[in-house]
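See below for the structure under consideration.
For ligands, and for the atoms within them, numbers begin at 1 and follow the listed sequence. Because the structure is predicted, anything quoted here is derived from the model rather than measured.
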Amino acid sequence: MKKILVATGGGDCPGLNAVIRGIVKRASQEKDWEVWGSYEALNGLMEEPTRLIRLDEKTVSGIHVTGGTILGTTNKGNPMSFPEKQPDGSIRTVNRIPWLVDRLKSKGFDVVINIGGDGSQAISQAMFEQGMPVVGVPKTIDNDLSSTDFTFGFQTAVQTATDSFDRLVTTANSHHRVMIMEVMGRNAGWIALYTAIAGGAEICLIPEIPYDLNKVLEKIRSRYNNGRGFVNIVIAEGATAKDGTVTATLGELGRHAVRLGGVCFTLSEQLKEAGLEADVRETVLGHTQRGGTPVAFDRVIASVFGVKAMELALEGKFGHLVVLQNNDFTSVPIKEAISDYNFVNPKGTLVQAAKGLGISFGD
Ligand code: F6P
């Protein structure tokens, strides 16, 4: 029997279970492949005793409709810079990839399918360079991986954000208020941009287009007449003002990033200080965007990614990431996929179309 180890790493995302199910279903059509899962990314493999689970059709039955991941996940820790206690008590960070690959081999694993975002795929690439056959599956609600048209989880996050946005519109209208809704997106404003277009926002603030507070104020005031009017703003958690006002940060987040959150309150204060007369209310959507049932589109791409990842393993096409490009499922080298970040293009069609709809980006 050949053994595959599946791991889900980084922040969770609707559709992870559909990928796992796709891998297992496709593998079960082969006679000589066994699928295993590692709990909480590769921690389950690294720990002693290991925490691994045999995944068969029964284990994955019906899980494509559920949110989260049956394997659990973590966005803390990185085997490429692992803190290790030295004999003198000091802590030194070491690269545990060679050890990890030895361990995978000693446990009899022939292939790893690593489902995760850019951080997890950097680990995939490191394991591959160390001689481990690895296949990657791109995951993130932020849609910030450049080599795939969409990552699964993104459409679900946009739907959740749009549903909330729609609710905020009616209450903004009733009270003549300015509503600021903060969505996820630390470096890329995709969720904010799609939600702004879907919901019909007046203002959309994203990390790629630093905003000018005066332009934001101008747009808000243009929507009020004698104190009557309302405005709905979508702001990505990583948005910043042109004058360098930094996003609210909430401390450390583990692997490679600082935890963000609360930029809607910063903007609200800025508007008040600049003399905005209207009443302002803030909403942070936070992790509601990450949880829950995946929408149909995400279930489809996640399921196909799972099947395709298994097929790459069968073909022996390692060091590759499954992707969706121009409505077709294909694969690209992981190295290429992680070398280019998927920012919203401020001059791109989508931003221009949003401007055509009257949405201000504060630029
Ligand atoms: O990377 C995906 C993401 O959803 C970011 O948009 C967000 O900043 C981060 O995860 C939040 O992570 P955590 O779950 O650790 O708060």
Test of understanding: given a 4.0 Å heavy-atom threshold, classify the contact between R290 and ligand 1 as side chain, backbone, both, or neither. side chain

Does N75 come within less than 4.0 Å of ligand 1, judged by its heavy atoms? yes

I141 neighbourhood, listing ligand 1 atoms whose heavy-atom distance to it stays under 4.0 Å: 4 (O)

Check: N214/E218 side-chain N/O donor and acceptor closer than 3.5 Å: no

Can you tell me if H287 contacts ligand 1 (heavy atom of the residue under 4.0 Å from the ligand)? yes

Side-chain donor-acceptor pair present, Q125, E129, cut-off under 3.5 Å: yes

With sequence neighbours excluded, what pairs up with T195 under the side-chain hydrogen bond (donor to acceptor under 3.5 Å, both in side chains) test? none

R26: what forms a side-chain hydrogen bond (donor to acceptor under 3.5 Å, both in side chains) with it, not counting sequence neighbours? E30, E311

